[in-house]
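Remember, it's a predicted structure, so these values are computed and weren't measured experimentally. The figures that follow rest on heavy atoms only: side chains count, while hydrogens, waters and symmetry mates do not. We name chains A, B, ... by the order of the sequence lines, and we start the count at 1 in each one.
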4 protein chains.
Amino acid sequence: MGDSAQIAVMGVSGYAGAELARLLLHHPQLKGKAPLFLGRAESTREPLAALHPQLMDNNGTGMGPEGLQVEPFSWDLLAERGVSLLLLATPHEQSRAWAPQALERGIRVVDLSGAWRLREASNRAVYKFEDDGSPVAAAAQAKSVYGMPELYRDEIRDAALVANPGCYATSVILPLKPLVEAGWVDLSRGIVSDSKSGVSGAGKAPTAKTHFMSAADNLSAYGVFGHRHTGELLEQLDLEAEQVIFTPHLLPIPRGIMSTIYVWFKEPKKADEVEALYRSFFAQSPLVRIFAAGQLPQIQYSVRTSYCDIGFHLDRGGRRCVIVSCLDNLLKGAAGQAVQNVNLMCGWKEEEGLL
Amino acid sequence: MGDSAQIAVMGVSGYAGAELARLLLHHPQLKGKAPLFLGRAESTREPLAALHPQLMDNNGTGMGPEGLQVEPFSWDLLAERGVSLLLLATPHEQSRAWAPQALERGIRVVDLSGAWRLREASNRAVYKFEDDGSPVAAAAQAKSVYGMPELYRDEIRDAALVANPGCYATSVILPLKPLVEAGWVDLSRGIVSDSKSGVSGAGKAPTAKTHFMSAADNLSAYGVFGHRHTGELLEQLDLEAEQVIFTPHLLPIPRGIMSTIYVWFKEPKKADEVEALYRSFFAQSPLVRIFAAGQLPQIQYSVRTSYCDIGFHLDRGGRRCVIVSCLDNLLKGAAGQAVQNVNLMCGWKEEEGLL
Amino acid sequence: MGDSAQIAVMGVSGYAGAELARLLLHHPQLKGKAPLFLGRAESTREPLAALHPQLMDNNGTGMGPEGLQVEPFSWDLLAERGVSLLLLATPHEQSRAWAPQALERGIRVVDLSGAWRLREASNRAVYKFEDDGSPVAAAAQAKSVYGMPELYRDEIRDAALVANPGCYATSVILPLKPLVEAGWVDLSRGIVSDSKSGVSGAGKAPTAKTHFMSAADNLSAYGVFGHRHTGELLEQLDLEAEQVIFTPHLLPIPRGIMSTIYVWFKEPKKADEVEALYRSFFAQSPLVRIFAAGQLPQIQYSVRTSYCDIGFHLDRGGRRCVIVSCLDNLLKGAAGQAVQNVNLMCGWKEEEGLL
Amino acid sequence: MGDSAQIAVMGVSGYAGAELARLLLHHPQLKGKAPLFLGRAESTREPLAALHPQLMDNNGTGMGPEGLQVEPFSWDLLAERGVSLLLLATPHEQSRAWAPQALERGIRVVDLSGAWRLREASNRAVYKFEDDGSPVAAAAQAKSVYGMPELYRDEIRDAALVANPGCYATSVILPLKPLVEAGWVDLSRGIVSDSKSGVSGAGKAPTAKTHFMSAADNLSAYGVFGHRHTGELLEQLDLEAEQVIFTPHLLPIPRGIMSTIYVWFKEPKKADEVEALYRSFFAQSPLVRIFAAGQLPQIQYSVRTSYCDIGFHLDRGGRRCVIVSCLDNLLKGAAGQAVQNVNLMCGWKEEEGLL
């Protein structure tokens, strides 16, 4: 599919959308073949650079001589342009509506919302999807692959619908998966993930919470025992709700997530065993960086990259382990991981355009 | 009037309102006599601490055993409580409506908005006051005193209506007044004030501009050749519009203003002459701090104080002078200066409760 | 002792020292009786305002007509001025040396360093005190009272040597003490405290870590399984080392600490039981604010106050509890708590000069 | 020269050095031909990723399977590797010593320090070069081209020694050059450039000024009437010292410069004339973006790009003009402009690897 891929992006006005546009416009496999940028059905044509001035070129009109335009959405336009792959950076209600329609037209989909990530209806309940239970939604759900290449690389290559993971979820699942899968973690003691995210994770809408005066020089916890990303942790790590506590916090920085994760091992381990397990598990994963035992990533190291960084500290007794993971919530937590999925779906190198 | 002063504050929900509440609740002359806090006419009673959690006491209910309440506004309530002095931290349209009504009832007013600051109709035009020209408005305007104690100390003591100056205007007028009044400044060459303010100056409403993602890690100029505070500069410094350029910028910090001001002197001066002029002019002004020649204030020094700090650098030729002034836009630029005016109006020490 | 108290502060150059100076200069019981500020033995006289420009008055020379001076330290000077209470905001090595000498001269001491906080030699080992084991040190240690008024109010009143608690330790001990003391916590499952502090906690020395470029737009964990404040947690909460994991993080803000604390209860509890336990435990503690069940403090609420704020979220099962505590590391975490101790030692109201 | 270019970078440990490394490692013309990274003469071999963790790949060892190393400097090593172009990101004293030695060996040089930027000895005086006046220094100086491609594109292509401009200087010279060269500016009234830079401009050394506590939530002016970049303004704009005031300020952000520039025109102009002049002057300059009249750039738009953004506001009278320029001090202000020069020197497209 690679050569002939025509990609469209819907919902380019948000922060993840801007990163998607930037990544795709500079993607080596898409030289001279810019993606089609789409606004909502009712929108009018407007220059991409008007939405995101940092994407302007020196003609002041966006990329290219005349400037890239965001076009009003219509299925006819997609057909006319021969779109074969649609990225949805839309609210989950819209993604629920449009993904099945795209599939019906033979267009593959990468959805960045929470619309298709969760297998279990009980975990989806938090999103209150009106269509849950409808045959159309069930059919799309059945086709959906959880878009974390480190876990589902092969399934993604051929998937019709890829559900790009949540930003927090990525920062918790990647560092825990090797340990849980190896059976090392004493689940009866519970796992704690104390997670912190920059303000771009709260979206572009101006609210009391995202006002500079509330967010700057501050830190706040929220969504305790009830954040939407919890279901992804349970499904992907095969945990019971009682076995994990996930607490998000709002950091006074633009971008970046850190999860500080606390586990107890069933049997004492040595630090080099833990490091070896991580290195082995991610040996084929170009977008995960493992730190040497006792060295911890910081948010700065991964911001504006598409890496997930993982480090850990093991207690002298070998039973208590503190793991720190960092990533950029707009890249490995959103647009970067989406392009990683696009790369796999198009038969390109997984990390292409992401280093 | 001092002993019997009962003060009311209207519009306590914003940032300046919170500072007013804090200052008045700890004011030595108001011990045991808390101000009356008022919401808009249609509002319901609510605890002050619900609006501003940092004002909570350890009962979790606001100041005092039962917690201070914000009461719905009515003129009857003001009469019942014997209010003699009303502080308006309200939008200028509301201040235009309420100040004359208060005066009519014999209540003195300190207004923190731009409603009554400007003598000239041409300068007021930028506010588009609907009532401009009405006899009621004209009568109130005629009584209004510009509430900058360093310039109008005596007039303020007896004023019925005090128009608290703009934050930017304070940072420009105070450092320029001594030089302009002394006739030192070559006005034909023009004065430049390059001014920068923290985000609290943009108000509490969440907007694209005050979103953390827009304000943090950024700097932007705005209101070039058209900011509302310009009229105050012209009137208080007796300048023509052509003689001053004032450019505000939005700084990525919560509070604080710096104005970097450029003047050319008619005749060469020595640095100690300039310093002496400043020290002499402000000798009786406890809330202005003059820095030694060649030493400049920084925003941090004055934030969370009610001081205006002034320093300068004189070129070797003695003709070109760069002046730097700093203040906290919510204190000397708003609530602190308002309390300074209250102190004068009540016959208390000018700086009481402000150091 | 109150009326005749002459207070001296040693080590006023750091961030906690600046806050100590500010609090004591405005303390209602010390009007007209400024503390004696002391530099190191070899230092020369210099104005307090040269160290901390924000403490300048409008004479530009510090507080008072001639400006407060920092005097070179000597025991003779302390005797001459009749100092009866010495606050040490000095590195712990200096506090180890000077506290016993002060006690010998009949001068009471509040020490803000880690020098005298720990009863057990094994917990003190992390500080590598050269004099540990000496009779003089042992005698001082025996007299030392842990300066947390909420736990040791009566002992502090009469203490000769008060060891002011660590900032992180205060944020962990206060919220845990009621629960642990009531026997509710299942210690076999372990307690996790994920703690975050602003950069002032890292001290005034310029280092790679405190460089703006490293600290801003970042978050980093440090001291995992080995932070100096851990011993205070163990002693004050009577825990084994295996029973608690404490992980500090460096936040990109100037001041403030948040600890997010995870406990499992032995038996299910109801949220109002937890809230009632907290309210009862701190009923006589004016500097602790308890939030209603399900409402959480944010760092902003307590910064620039001397409060410790405590809130919690209880899981539906009633067994898992997430507690959030916030305080200002320079106030309740240092200078504010020191003045609280001074108040008790002098027979004044515990919260005097701190609200 | 292009194909055979072997590039070496000396002084990769600072902020500009890290950006140079990042740009060159991803440069399309240097695929498979990594630059040689050099430490000081006495240094030992160390991984590039140890200096800049964000440059790590997923092997944790730097770029490439074994990780890129920073090699100890020696002329023999440069000869052995066939280095034809040397980038110096070194302090100016070192650049003064090494550039002539490189030229002597036939190696071309791009120097990012202030060592070779100034033609006039009087302007160089601020740097206190010990060798000023020596024949070797004079010979190198005579060969030096000021590395601003928008002004000296042709000279740079063939230059042996390119002096990369100062970051502030770039932000002032680019927006002023078209106006001054056209003879529009009334120099007798003086030009004001009020400039603001993020903290990376102050270098990597931890100092009181770069401490997070001093830089965050603050703004300070410095170097008034005496900043080192002033000489570049005078020479490149052909101004007398009396004709321009340049005042730098330290912004509480990591990167980015804004210069707000005030000029008076001799004759009234229209906004579209000004815009047309700018567009014409920079028509062949891919790294300058001109904003429409009345629209101003913000620092965010250009941070992490190699663009210089220029916008302006013209007063109604057409005589007073406020110009705002923004750029990233580490890119267009340092490493980006250096690579732009490298591109010209190697015969590649000026903007290659920079968009």
Side-chain angles (χ1 to χ4, degrees), chain A residues 186 188-198 213-226 241-242 244-262 264 294 296-301 303 311-317 319-324 326, chain C residues 186 188-198 213-226 241-242 244-262 264 294 296-301 303 311-317 319-324 326:
Chain A
D186 182 353
S188 74
R189 297 200 57 161
I191 295 170
V192 168
S193 181
D194 191 279
S195 299
K196 302 94 176 170
S197 171
M213 295 297 292
S214 303
D217 288 354
N218 200 9
L219 183 73
S220 55
Y222 62 98
V224 185
F225 295 120
E242 294 295 305
V244 64
I245 302 182
F246 159 59
T247 307
H249 298 73
L250 189 67
L251 277 177
I253 64 176
R255 329 164 38 139
I257 283 181
M258 176 185 285
S259 286
T260 311
I261 303 173
Y262 300 84
W264 284 256
L296 298 180
Q298 302 183 8
I299 274 191
Q300 273 189 348
Y301 299 164
V303 165
F312 69 94
H313 247 289
L314 190 65
D315 189 23
R316 270 172 300 183
R319 297 280 299 274
R320 304 190 301 171
C321 192
V322 176
I323 308 147
V324 171
C326 293
Chain C
D186 182 354
S188 74
R189 298 199 57 161
I191 296 170
V192 168
S193 180
D194 191 280
S195 299
K196 302 95 175 171
S197 171
M213 294 297 292
S214 304
D217 288 355
N218 200 9
L219 182 73
S220 56
Y222 63 99
V224 186
F225 295 120
E242 294 295 304
V244 63
I245 302 182
F246 159 59
T247 307
H249 298 71
L250 189 67
L251 278 177
I253 63 175
R255 332 167 32 144
I257 282 181
M258 176 185 284
S259 285
T260 311
I261 303 172
Y262 301 83
W264 284 257
L296 298 181
Q298 303 183 7
I299 274 191
Q300 273 190 348
Y301 300 164
V303 164
F312 68 93
H313 247 289
L314 190 66
D315 187 24
R316 268 172 301 185
R319 296 281 298 275
R320 304 189 301 170
C321 191
V322 176
I323 308 149
V324 172
C326 293

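- Looking at A:Val322, both its backbone and its side chain come within 4.5 Å of chain C, counting heavy atoms on both sides.
- For C:Phe312, there are no ring pair (Phe, Tyr, Trp, His ring centres under 6.0 Å) partners two or more places apart in sequence or in a different chain.
- The residue among A:Val224, A:Asp217, A:Leu219, A:Asp186 with the most heavy atom pairs within less than 4.5 Å of chain C is A:Leu219.
- Tested against A:Val244, the residues A:Val192, A:Ile261, A:Ile191 include a single side-chain contact (heavy atoms from CB on, under 4.5 Å) partner, A:Ile191.
- Chosen from C:Pro297, C:Gly311, C:Gly198, C:Ser188, the residue pairing most often with chain A at heavy-atom distances under 4.5 Å is C:Ser188.
- Neither the backbone nor the side chain of A:Leu250 comes within contact range of chain C, judged by heavy atoms closer than 4.5 Å.
- By a heavy-atom distance cut of under 4.5 Å, A:Pro252, A:Ile253, A:Pro254, A:Met258 are the residues of residues 252-259 of chain A near chain C, going up by number.
- Legend: residues meeting side-chain hydrogen bond (donor to acceptor under 3.5 Å, both in side chains) with C:Asn218, ordered by chain and number and at least two apart, are A:Gln298.
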Determine, stepwise, if the pair C:Thr247 / A:Tyr262 fulfils side-chain hydrogen bond (donor to acceptor under 3.5 Å, both in side chains). CA-CA 10 Å; C:Thr247 307; A:Tyr262 300 84; 3.0 Å; yes
Checking side-chain contact (heavy atoms from CB on, under 4.5 Å) for the pair C:Ser195/C:Phe246: CA distance, chi angles, key distance, verdict? CA-CA 7 Å; C:Ser195 299; C:Phe246 159 59; 3.4 Å; yes
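- No donor-acceptor distance shorter than 3.5 angstrom exists from the side chain of C:Gln300 to the backbone of A:Ser220, with no hydrogens or angles considered.
- Heavy-atom pairs under 4.5 Å with chain A peak, among C:Arg320, C:His313, C:Glu242, C:Arg319, at C:Arg320.
- Most heavy-atom pairs under 4.5 Å with chain C: of the set A:Gly226, A:Gly317, A:Ser214, A:Ala216, this distinction falls to A:Ser214.
- Residues passing the side-chain hydrogen bond (donor to acceptor under 3.5 Å, both in side chains) test with C:Thr260, sequence neighbours excluded: A:His249, C:Lys196.
- When the candidates A:Trp264, A:Tyr222, A:Phe225 are compared by the number of heavy-atom contacts under 4.5 Å with chain C, A:Phe225 comes out ahead.
- Using a 4.5 Å cut-off between heavy atoms, A:Leu251 contacts chain C through its side chain alone, with no backbone atom that close.
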